[in-house]
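A quick write-up on the structure given underneath.
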2 protein chains.
Amino acid sequence: MCARVPNVADGMAPDRNRRRIPDATVSRLPVYLRILGEQAEAGVDNISSEGLAELAGVNAAKVRKDLSYLGSYGTRGVGYEVAYLVYQIRRELGLTHDWPVVIVGAGNLGQALAGYGGFGERGFPVAGIVDIDTTKVGTVLGGTRVRHIDELPQIVQTRRVNIGVIATPGAAAQDAADRLVKAGVTSILNFAPIVLSVPRAIEVRKVDLAVELQILSYHEQRRAGGAIHAVQSGTGRSATA
Amino acid sequence: MCARVPNVADGMAPDRNRRRIPDATVSRLPVYLRILGEQAEAGVDNISSEGLAELAGVNAAKVRKDLSYLGSYGTRGVGYEVAYLVYQIRRELGLTHDWPVVIVGAGNLGQALAGYGGFGERGFPVAGIVDIDTTKVGTVLGGTRVRHIDELPQIVQTRRVNIGVIATPGAAAQDAADRLVKAGVTSILNFAPIVLSVPRAIEVRKVDLAVELQILSYHEQRRAGGAIHAVQSGTGRSATA
DNA sequence: AGGCACTCGTGCACACATTCACAAAGCCAG
DNA sequence: CTGGCTTTGTGAATGTGTGCACGAGTGCCT
Ligand SMILES: NC(=O)c1ccc[n+]([C@@H]2O[C@H](COP(=O)([O-])OP(=O)(O)OC[C@H]3O[C@@H](n4cnc5c(N)ncnc54)[C@H](O)[C@@H]3O)[C@@H](O)[C@H]2O)c1
Ligand SMILES: NC(=O)c1ccc[n+]([C@@H]2O[C@H](COP(=O)([O-])OP(=O)(O)OC[C@H]3O[C@@H](n4cnc5c(N)ncnc54)[C@H](O)[C@@H]3O)[C@@H](O)[C@H]2O)c1
């Protein structure tokens with residue numbers, strides 16, 4: 001495999017895409033959406049980029065640029081109409097209809113997820129939860145009965161599921177991913193601490209608690225001065241300097 | 001050991017920047033670290049940037065550049081010594097000692113987190129879990145007794161906690177953050193779906209399930225062609241024009 | 001010893017993201 | 001209708017991240 005010469009023609013799809021929205025923007029739109037929803041509920045009809053930026057904790061210019069990818073939906077001198085903006089963002093994110101999800105793994109985390117109402121409320125109803133452990137099959141979590149993982153293909157097909165959530169131990173996560181892909185799922189949210197290997201066409205996002213904590217640790221360590229190199233010989237670098 | 005109190009006078013020297021490691025790199029180091037740990041366990045002594053890149057699902061040049069921020073710890077023609085690299089990454093991430101964490105909110109998620117062994121195993125023992133609901137106080141989760149939130153300052157101080165985890169409903173998250181900051185916590189991992197407002201010096205990372213799902217939704221929608229619904233009528237906006 | 005195969009470390013060019021700054025556009029008062 | 005005020009939308013500047021390409025070490029084989 002080391003002979004594999006970098007193939008230029010590989011990968012990049014031609015620009016058949018309509019307006020492509022930058023990843024960074026896509027990841028902020030849900031935040032704007034939630035804030036706008038809250039504002040709408042509070043009776044706010046109109047909001048400026050600066051107001052929204054404040055609430056979202058970002059720069060106003062960034063808000064304007066982000067929203068400009070959706071089109072020119074603001075009114076100069078006034079701001080954005082909240083309800084209309086909500087509609088546009090929802091449309092762009094594909095939230096005009098529900099996306100049922102299937103959860104693989106009914107352990108600690110799977111149970112918390114299944115019991116969490118916020119899922120369905122936001123347009124992602126739990127179409128099913130499966131586990132390989134037969135002693136867990138049949139129990140009911142958050143109104144959904146746990147089914148055996150062999151029933152996964154059936155759940156995915158009959159409920160038209162596109163999104164799978166992996167909540168198995170790391171050692172089983174690749175197996176879970178393989179099964180999900182085989183069943184027809186095209187997007188995966190992975191909570192297991194491993195790097196999944198899936199076909200290129202499958203969209204994977206990971207939520208890794210250990211990574212997050214270690215990033216915080218990095219900043220704490222560096223805040224503490226980092227240079228506590230006095231007592232222990234442990235810090236003895238400079239060897240190969 | 002040598003527990004340096006996290007500096008009361010947060011004035012400190014502004015740019016005490018030794019080598020600053022790019023954020024993107026910091027977020028990948030934990031991934032490398034986990035993989036290297038697995039390799040070490042499997043008896044692998046040495047690994048090349050290409051081998052590590054393959055396992056981490058990234059580009060080999062990126063691995064080399066990332067590792068180069070730690071120093072020149074590789075051997076040309078050979079690769080990196082796994083054990084030494086593990087040591088260096090751990091040191092850089094501040095993982096040479098434990099970072100106790102305190103969890104605020106003992107609901108669905110808080111329980112899953114407290115019951116999750118992977119926390120302590122990776123150097124982040126649960127120093128305490130608190131809740132405002134007195135009916136939850138006293139119950140035991142994952143070996144830790146739930147205590148009342150008023151005890152937060154005491155827990156943070158006696159256990160020297162720097163990292164707080166917020167697992168309360170969104171409406172209570174800002175309150176939780178305020179209490180954590182007041183108690184002396186300087187890093188926060190937030191699971192609630194709101195934008196926290198904290199002093200600049202506090203490091204906050206968020207894990208937002210709804211955002212992740214909506215990003216997946218965006219890609220699904222765009223994969224589907226985006227124009228599935230021609231049926232929908234009015235834009236809902238007061239017809240401008 | 002010399003040559004050769006291998007792999008690191010990094011300069012460089014390009015891509016992506018953020019922020020600034022300002023003209024264009026809308027609103028309103030008079 | 002005009003002028004002043006506000007806020008958008010976006011070009012341009014700056015900052016950050018990625019990936020290629022290749023020189024420079026290193027170890028092994030002859
Ligand atoms: N619990 C948490 O708070 C938490 C936090 C962060 C990350 N995680 C990660 O989430 C994952 C799940 O954690 P958990 O605490 O729920 O673990 P768990 O052991 O409680 O649950 C795992 C479940 O997956 C099932 N399972 C195992 N192999 C399977 C397979 N091949 N197919 C289907 N189901 C299978 C098991 O039967 C079990 O019910 C782990 O990877 C963990 O690292 C959990
Ligand atoms: N459960 C999940 O799987 C899940 C998934 C994604 C996100 N979340 C988010 O995590 C958070 C917690 O979810 P959950 O399902 O555990 O909710 P939950 O309602 O089960 O638990 C919340 C807990 O917080 C406690 N609490 C409320 N106000 C408090 C305060 N001011 N101080 C301290 N404790 C307080 C409550 O007593 C309760 O025990 C929510 O913000 C939710 O959106 C949960």
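Quick note on labels: first sequence line is chain A, next is B, and so on, each numbered from 1. The model shown is predicted, which means the values in this text are computed figures rather than measured ones.
- A:E81 has its CD atom 15 Å from the C1' atom of D:dT8, to the nearest Å.
- Of the candidate nucleotides C:dT19, D:dG19, C:dT10, C:dT19 has the atom nearest to the side chain of A:A61.
- Rounded to a whole Å, the CD atom of A:E50 is 15 Å from the C1' atom of D:dC5.
- Under 4.0 angstrom from either OP1 or OP2 of D:dT8 there lies at least one side-chain N or O belonging to A:S49.
- The stretch residues 21-48 of chain A touches DNA chain D through A:S48, each having a heavy atom under 4.0 angstrom from the strand.
- Counting to the nearest Å, the P atom of C:dT10 and the CG atom of B:L70 are 12 Å from each other.
- Residue A:Y80 places at least one side-chain N or O closer than 4.0 Å to OP1 or OP2 of D:dG9.
- A straight line from OH of B:Y84 to P of C:dC8 spans 16 Å, rounded to a whole angstrom.
- Rounded to a whole Å, the NZ atom of B:K62 is 19 Å from the P atom of C:dT10.
- Put simply, the side chain of B:K65 and the base of D:dG19 share a donor and an acceptor less than 3.5 Å apart.
- Distance check: B:L33 CG to B:R122 CZ gives 7.5 Å after rounding to the nearest 0.5 Å.
- Here the C1' atom of nucleotide C:dT18 and the CG atom of A:D66 are 10 Å apart, to the nearest Å.
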Notebook entry, point to check: Quick one: what's the B/S/- string for nucleotides 23-28 of chain C, heavy-atom cutoff under 4.0 Å, read 5' to 3'?
Noted result: -BBSS-

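- Residues that satisfy the salt bridge (charged side-chain N to carboxylate O under 4.0 Å, His left out) test with B:E203, not counting sequence neighbours, are absent from this structure.
- Residue A:R64 contributes atom CZ, which lies 12 Å from atom P of C:dA21 at whole-angstrom precision.
- Protein atom CG of A:L67 is 12 Å distant from nucleotide atom P of D:dT10, rounded to whole Å.
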